[in-house]
Amino acid sequence: MKRRRPELSSSSAPRLAAPPPPETDDVACRWLLLDLDRSELSLPLTFPTGQTFRWKQTGPVQYTGAVGPHLISLKHLEDGTVSYFIHSRSCDSSAAAALLDFLNSDVSLAEIWAAFSAADRRFAEVARHLAGARVLRQEPLECLVQFLCSSNNNIKRITKMVDFISSSGNYLGSVEGFDFHEFPTLEQLSEFSEEALREAGFGYRAKYIIGTVKALQSKPGGGVEWLKSLRKMDLPETIDALCTLPGVGPKVAACIALFSLDQHHAIPVDTHVWQIATRHLLPELAGSRLTPKLCSRVAEAFVSKYGKYAGWAQTLLFVAELPSQKALLPSHCLIMKDEKTTD
């Protein structure tokens with residue numbers, strides 16, 4: 001299920017694309033083609049769909065955000081291919097490599113979606129209309145703090161909170177009126193007080209963020225390295241470890257595991273995913289009340305049907321439930337029931 005990462009040597013670096021660079025002082029860089037077409041990466045189906053709250057729409061089909069210390073814009077060309085622009089005079093290969101890593105570029109959607117489609121007639125139909133919804137590979141600390149902000153919240157408020165926290169990181173530049181910052185380090189995060197976060201509208205989430213930062217700072221070897229070490233653990237151990245942090249429950253832990261810790265079969269179960277499951281995977285549970293035990297059963301059902309990349313399948317089906325995407329689907333996709341499959 002892996003795509004080979006494009007090498008960044010002069011012979012295989014992304015080709016120059018036709019569009020001129022945006023209005024900027026970064027004269028040394030140009031728009032370059034990315035080795036991912038629309039079937040592998042749809043920007044509108046990846047960035048504004050709840051995985052990250054730090055990327056901004058800076059054009060009709062253009063999104064801008066920070067990947068580590070690099071400020072990068074991505075846009076679709078008319079033929080659907082994706083181009084990228086590094087807002088830096090150096091345009092060194094480390095930025096391109098970081099971008100490919102962030103985009104999980106060595107996972108082939110074509111391969112895993114073919115497997116999903118063979119197992120699920122509804123997935124096959126939905127995927128035809130919503131191609132390119134990728135799962136990102138974010139820095140764990142950045143992902144963790146964002147999802148601490150997401151608890152019982154809406155996207156507008158989450159984004160405002162994440163922007164407030166991000167503003168304490170190193171300033172990277174401005175694009176189309178948006179200011180961008182590198183995500184704060186643990187040391188920079190530790191400078192926030194619970195009172196300051198509450199005054200900024202974080203409510204009860206303030207104590208969880210402060211508590212989690214302190215807990216990470218106490219980890220042997222450092223909290224950032226501890227978080228990255230969870231990538232090498234089995235999913236149950238990863239979830240259990242994350243749930244020791246203040247404010248992290250099973251759903252938030254599953255989001256962090258899926259979107260930053262290489263746990264591709266993690267299933268964040270909320271009411272939306274529960275509704276998907278009871279309509280298409282576990283219809284016998286329709287009308288039941290969602291409990292922790294049933295959350296585990298839903299996750300198991302997704303993994304049983306879709307395998308080790310079940311989290312990617314769940315992400316596409318979740319995106320298909322968003323109002324903005326439902327409008328793009330033909331009516332038969334909305335009412336289609338799963339067919340029972342036999343071995």
Side-chain angles (χ1 to χ4, degrees), residues 1 45 49-51 109 111-131 133-135 147 150-155 234-240 242-243 248-259 261 263-343:
M1 301 302 179
L45 296 181
T49 53
Q51 294 189 57
L109 276 187
E111 291 183 23
I112 62 174
W113 282 21
F116 298 159
S117 297
D120 183 352
R121 184 172 67 93
R122 181 174 185 274
F123 184 97
E125 187 65 24
V126 170
R128 288 180 55 231
H129 301 280
L130 299 178
R134 294 192 73 79
V135 169
F147 279 96
S150 74
S151 176
N152 296 314
N153 215 344
N154 59 60
I155 289 179
D234 291 334
L235 178 58
E237 295 176 291
T238 298
I239 297 296
D240 288 345
L242 289 170
C243 285
V248 178
K251 185 227 170 178
V252 166
C255 288
I256 299 163
L258 177 60
F259 300 138
L261 296 176
Q263 303 286 351
H264 300 297
H265 60 298
I267 306 295
V269 180
D270 61 7
T271 55
H272 301 289
V273 174
W274 169 245
Q275 290 166 4
I276 293 169
T278 55
R279 285 201 305 270
H280 307 294
L281 296 177
L282 299 167
E284 67 275 15
L285 297 181
S288 301
R289 179 176 173 270
L290 182 59
T291 63
K293 184 176 180 179
L294 288 184
C295 282
S296 297
R297 188 169 171 185
V298 168
E300 291 167 0
F302 271 96
V303 174
S304 176
K305 193 169 190 68
Y306 300 110
K308 65 180 182 179
Y309 283 89
W312 291 60
Q314 177 264 324
T315 296
L316 184 276
L317 296 174
F318 175 83
V319 168
E321 294 293 312
L322 298 175
S324 58
Q325 305 309 326
K326 271 190 173 182
L328 303 178
L329 294 173
S331 58
H332 68 275
C333 286
L334 305 179
I335 62 175
M336 185 181 294
K337 299 290 185 182
D338 257 8
E339 292 182 336
K340 297 293 184 182
T341 58
T342 57
D343 294 336

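One is the number of the first residue; the rest follow in order along the sequence. This one's a predicted model, so the numbers in the text were calculated from it and none came from an experiment.
You'll find the ring centres of Trp312 and Phe116 outside the 6.0 Å limit.
Across all their heavy atoms, Trp113 and Ala131 have their closest contact at CZ3-CA, 3.6 Å. Annotation for Val298 and Ala277: closest pair CG1-CB, 3.8 Å, computed over non-hydrogen atoms.
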#### Entry: Residue pair Thr315, Leu258: steps toward the side-chain contact (heavy atoms from CB on, under 4.5 Å) verdict
CA-CA 10 Å; Thr315 296; Leu258 177 60; 3.8 Å; yes
### Derivation and outcome, side-chain contact (heavy atoms from CB on, under 4.5 Å), residues Leu285 and Leu290
CA-CA 9 Å; Leu285 297 181; Leu290 182 59; over 6 Å; no
### Message
One pair to check against side-chain contact (heavy atoms from CB on, under 4.5 Å): Lys308 and His264. What are the steps and the verdict?
### Response
CA-CA 6 Å; Lys308 65 180 182 179; His264 300 297; over 6 Å; no
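Applying the side chain to side chain donor-acceptor pair (under 3.5 Å) rule to Ser296 yields no partners; only residues at least two apart in sequence or on another chain are considered. Gln263 pairs by the side chain to side chain donor-acceptor pair (under 3.5 Å) definition with Thr238, not counting sequence neighbours.
For the pair Ser288 and Leu294, the minimum side-chain heavy-atom distance is below 4.5 Å. Inter-residue side-chain proximity for Thr291 and Arg289 is flagged as met; some heavy-atom pair is nearer than 4.5 Å.
Salt-bridge formation is detected for the pair Arg297/Glu284: a Lys NZ or Arg NE/NH1/NH2 atom is positioned less than 4.0 Å from an Asp or Glu carboxylate oxygen.
Taking CD of Glu125 as the start and CG of Leu130 as the end, the distance is 10.5 Å to the nearest 0.5 Å. To the nearest 0.5 Å, the span separating NE2 on His129 from CG on Leu45 amounts to 12.5 Å. Taking CD from Glu321 and CG from Leu316, the interatomic distance works out to 11.0 Å, rounded to the nearest 0.5 Å. Taking NE2 from His280 and NZ from Lys305, the interatomic distance works out to 11.0 Å, rounded to the nearest 0.5 Å. Within the model, atoms CD1 of Ile239 and CD1 of Ile256 stand 8.5 Å from one another, a figure rounded to the nearest 0.5 Å.
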N/O donor-acceptor pairs under 3.5 Å from side chains in residues 265-276, not counting sequence neighbours:
unit_1 : atom_1 : unit_2 : atom_2 : d
Asp270 : OD1    : His272 : N      : 3.1
Asp270 : OD1    : Val273 : N      : 2.9

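Taking the six-membered ring for Trp and thresholds of 30 and 60 degrees, Phe147 and Phe259 have nearly parallel ring planes, at less than 30 degrees apart.
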